[in-house]
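Take a look at the structure below.
Here, residue 1 is the first one in the sequence, and each next residue gets the next number.
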Amino acid sequence: MGECGSKIIVVAHDAGGAEILASWIKRNRISNFEMVLEGPAIAVFERRLGWLKNRCVEKEIRNGLGGKSWVLTGSGWQSDLEWSAIRIAKKRSIRVVTYLDHWVNYEERFTRHDVECLPNEIWVGDQYAFKIARASFPTVNVTLVPNPLFADIQELQEQKVSSSADDQVRILYVCEPVAEHAKKRYGNEKHWGYTEFEALDYFFENLERIVDRKSISHITIRPHPAEDLDKYSYLDAKESEWPPIRRSYQQVLVDEIAGHDWVFGCESMALVIAVLMGKKVFSCIPPNGKKCNLPHQEIKHFRKLFELES
């Protein structure tokens with residue numbers, strides 16, 4: 001996993017991957033590293049590791065590496081940052097490793113402009129991801145590096161997990177910019193058969209099939225870190241129909257999950273974190289959409305529940 005004492009260039013854009021890389025740096029007490037960050041990853045690293053000087057990916061790889069140095073990237077697909085870092089490092093014969101922080105869309109994470117660019121090595125956090133990655137990338141060395149973020153969460157579980165003071169259920173819905181990703185990668189917002197708005201509508205249309213609305217304390221809508229905080233403000237109009245609908249203002253994800261009893265979403269890593277924290281977890285991809293590929297059996301799927309009822 002990298003030579004002792006070697007310099008590491010850590011590259012990240014998306015929040016999920018940034019959280020894992022920050023945990024890995026802290027748990028392994030890495031001190032000899034430089035950061036190349038964009039987007040939501042900047043705030044994650046500032047919160048987890050304090051202020052760090054940010055670098056330009058091409059300049060840092062060109063000038064900052066040599067000898068035993070290597071590159072460690074996240075696997076985000078909201079930008080071209082990690083893909084570009086892999087491409088530049090490999091052109092310069094510099095070892096590059098990518099930590100796959102999810103369980104879906106593996107091939108798309110390494111392809112831009114119809115060009116696939118794979119790292120020298122892929123790290124995965126659990127046996128689910130290991131099996132998927134080995135099948136997806138048979139020519140790349142895949143290494144199981146237990147997810148350091150999940151280890152952090154499990155250590156904090158007792159102090160973070162809280163339960164409602166009464167019998168009312170506190171609900172958290174975690175959003176994802178599904179249409180934006182589909183449009184950017186495939187030119188079609190409905191490439192996966194649904195949008196984030198259709199998933200939210202499906203959630204509200206069917207929520208009472210599993211819980212009486214009078215038993216709900218409140219519903220918190222948490223935008224993805226890449227989304228505008230007001231993107232889902234149209235839900236304010238539902239206030240007269242439902243218990244209070246709150247919009248999250250990017251509280252730390254683990255803290256927000258801890259403050260709720262049930263967690264809903266589509267394929268977000270937040271669903272897996274909620275499973276680790278002992279929450280009741282549901283995927284709300286509507287019937288016309290692709291199936292949820294999160295492999296964790298603890299996640300209940302709305303459409304499967306309702307198929308059983310019909």
Side-chain angles (χ1 to χ4, degrees), residues 1-4 6-25 27-28 30 33-38 41 57-58 60-62 64-151 181 184-186 192 267 269 272 290 293-296:
M1 293 200 307
E3 299 82 354
C4 180
S6 60
K7 182 179 179 180
I8 309 172
I9 304 301
V10 181
V11 183
H13 177 281
D14 291 9
E19 292 279 6
I20 291 175
L21 297 185
S23 288
W24 183 82
I25 289 169
R27 295 183 75 86
N28 288 280
I30 304 296
F33 67 95
E34 297 286 353
M35 306 304 310
V36 179
L37 306 174
E38 289 181 1
V57 61
E58 187 158 9
E60 188 62 33
I61 293 176
R62 183 176 67 246
L65 288 170
K68 295 183 178 179
S69 301
W70 57 292
V71 177
L72 175 62
T73 82
S75 58
W77 60 344
Q78 295 175 39
S79 80
D80 293 346
L81 179 68
E82 290 99 335
W83 180 87
S84 296
I86 296 168
R87 179 179 58 84
I88 295 167
K90 293 194 75 175
K91 277 186 178 181
R92 299 183 178 277
S93 299
I94 296 165
R95 178 170 172 259
V96 56
V97 177
T98 295
Y99 200 116
L100 274 171
D101 60 80
H102 215 285
W103 300 267
V104 300
N105 303 316
Y106 279 7
E107 290 87 353
E108 290 90 335
R109 294 170 187 272
F110 296 105
T111 303
R112 298 293 186 276
H113 322 295
D114 296 322
V115 176
E116 183 181 66
C117 196
L118 296 173
N120 301 107
E121 185 175 355
I122 290 173
W123 291 356
V124 293
D126 58 33
Q127 290 292 344
Y128 293 126
F130 185 80
K131 183 177 180 180
I132 298 167
R134 284 288 298 272
S136 300
F137 308 111
T139 63
V140 179
N141 184 30
V142 178
T143 303
L144 178 59
V145 178
N147 192 312
L149 175 62
F150 291 174
H181 286 171
K184 184 175 182 179
R185 294 285 172 251
Y186 304 103
W192 289 298
E267 281 186 330
M269 189 200 299
V272 180
K290 55 166 281 190
N293 287 316
L294 293 176
H296 305 77

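Side-chain atoms of Glu19 and Met269, non-hydrogen and from C-beta on, never get closer than 4.5 Å to each other. Within the 4.5 Å cutoff, the side chain of Thr73 has no heavy atoms near those of the Val97 side chain. Proximity of Ile94 to Val96: side-chain heavy atoms (C-beta onward) are nowhere separated by under 4.5 Å. Contact of the Ile30 side chain with the Trp24 side chain is registered, since non-hydrogen atoms from C-beta on lie closer than 4.5 Å. Trp83 is listed as a side-chain neighbour of Val115, based on a closest heavy-atom distance under 4.5 Å. By the 4.5 Å heavy-atom criterion applied to side chains, Tyr99 and Ser75 are not counted as neighbours. Annotation: side chain of Lys7 is not in contact with side chain of Phe33 (no heavy-atom distance under 4.5 Å). A heavy-atom distance below 4.5 Å is not found between the side chains of Trp70 and Ile9.
Ring orientation note: the planes of Tyr186 and Trp192 are nearly perpendicular, at an angle over 60° on the 30°/60° scale.
A distance-only check finds a donor-acceptor pair linking the side chain of Arg112 to the backbone of Ser79 [under 3.5 Å]. Of the possible donor and acceptor atoms, none in the side chain of Lys90 sits under 3.5 Å from a partner among the backbone N and O of Asn120. Put simply, the side chain of Asp14 never gets that close to the backbone of Gly16: no donor and acceptor are under 3.5 Å apart. Side-chain atoms of Glu82 come within 3.5 Å of backbone atoms of His13 as a donor-acceptor pair (strictly under, hydrogens ignored). Between the side chain of Asn147 and the main chain of Phe150, a donor-acceptor pair closer than 3.5 Å is present.
Closest approach of Leu81 and Leu37 over heavy atoms only: CD2-C, 4.3 Å. Residues Leu21 and Ala12 come closest through the heavy atom pair CD1-CB, 4.1 Å. For the residue pair Ile20 and Pro148, the shortest heavy atom distance occurs at O-CG, 3.5 Å. Ala133 approaches Val142 most closely through the heavy-atom pair CB-CG1, 3.9 Å.
For Lys131, the NZ atom is loosely surrounded, since the number of other residues' heavy atoms within 6.0 Å does not exceed 12.
In this structure, CG in Leu118 is found 14.0 Å from CZ in Arg87, a value given to the nearest 0.5 Å. Atom-to-atom distance recorded for Ile132:CD1 and Leu100:CG is 9.5 Å, nearest 0.5 angstrom. The distance from atom CD of Glu107 to atom CG of Asn105, rounded to the nearest 0.5 Å, is 8.5 Å. Put simply, CH2 on Trp123 and OG1 on Thr143 are 8.0 Å apart, with the number rounded to the nearest 0.5 Å.
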Working note: Glu121 + Arg95, criterion side-chain contact (heavy atoms from CB on, under 4.5 Å); need CA distance, chi angles, decisive distance, verdict.
CA-CA 8 Å; Glu121 185 175 355; Arg95 178 170 172 259; 2.8 Å; yes

Run Thr98 and Ile86 through side-chain contact (heavy atoms from CB on, under 4.5 Å) and show every step you take.
CA-CA 8 Å; Thr98 295; Ile86 296 168; 3.4 Å; yes

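Residues meeting the salt bridge (Lys or Arg N to Asp or Glu O under 4.0 Å) test with Arg27, sequence neighbours left out: Asp152, Glu155. Residues satisfying the side-chain contact (heavy atoms from CB on, under 4.5 Å) test with Val104, not counting sequence neighbours, are His102, Arg109, Glu267, Asn293.
Checking each of Val11, Val10, Val71 against Val36 for a side chain to side chain contact (heavy atoms under 4.5 Å, CB included) leaves exactly one that passes, namely Val11.
For Asp126 and Trp103, the side-chain atoms include at least one donor-acceptor pair closer than 3.5 Å.
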